[in-house]
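Here, residue 1 is the first one in the sequence, and each next residue gets the next number.
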Amino acid sequence: MGKISIQTKLTQLEIANAMGVKQPQVSNWLNGKRLPTATNLIKLADILQLYPEELLQYLSEIQKQKAIKVLEDILMNKNSDDKTDNICSA
């Protein structure tokens, strides 16, 4: 979400103040930890001068990338555990 915030030259705090919410809430949305409500999505899109659909697609992509990273980390740890198991059973 950094790109959109930078393009508008607004900080998360400025966005939060314009929306009447707290900065951590905006941070959670922009970092893919949570999705805003429909009302807040529309407000945020308006502030960022985007269509709500564009913003939702962007936020959903962030969440998707985070989920993929978590799954990759789980699989890498599982593979490391499997190698350790093989060494221990040799």
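For the side-chain hydrogen bond (donor to acceptor under 3.5 Å, both in side chains) condition, the pairs that include at least one residue of residues 16-26, sequence neighbours left out, are Q12-Q23. Screening residues 56-72 for salt bridge (charged side-chain N to carboxylate O under 4.0 Å, His left out) gives K69-D73 as the qualifying pairs, with residues at least two apart or on separate chains.
Apart from I74 itself, the hydrophobic cluster it occupies contains V70, where clustering links Ile, Leu, Val, Met, Phe, Trp and Tyr at side-chain heavy-atom distances under 4.5 Å.
The side-chain hydrogen bond (donor to acceptor under 3.5 Å, both in side chains) search around E54 returns none, not counting sequence neighbours. For S27, the side-chain hydrogen bond (donor to acceptor under 3.5 Å, both in side chains) test picks out N31, with sequence neighbours left out. Partners of Q63 according to the side-chain hydrogen bond (donor to acceptor under 3.5 Å, both in side chains) rule, which considers only residues two or more places apart in sequence or in another chain, do not exist here.
Environment of CD in Q65: crowded, with over 12 heavy atoms of neighbouring residues, nucleotides or ligands closer than 6.0 Å.
Nearest heavy-atom pair, I47 versus A18, reported as atom, atom and distance to 0.1 Å: CD1-CB, 3.7 Å. The nearest pair of heavy atoms linking I15 to L44 is CG2-CD1, 3.5 Å.
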Tell me which donor-acceptor pairs under 3.5 Å the side chains of residues 35-42 have, and how far apart each pair is, sequence neighbours excluded?
unit_1 : atom_1 : unit_2 : atom_2 : d
T37    : OG1    : N40    : N      : 3.2
T37    : OG1    : N40    : ND2    : 3.4

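Atom CD of Q49 is separated from atom CG of L10 by 8.5 Å, given to the nearest 0.5 angstrom.
With a 4.5 Å cut-off on side-chain heavy atoms, V21 and W29 count as touching.
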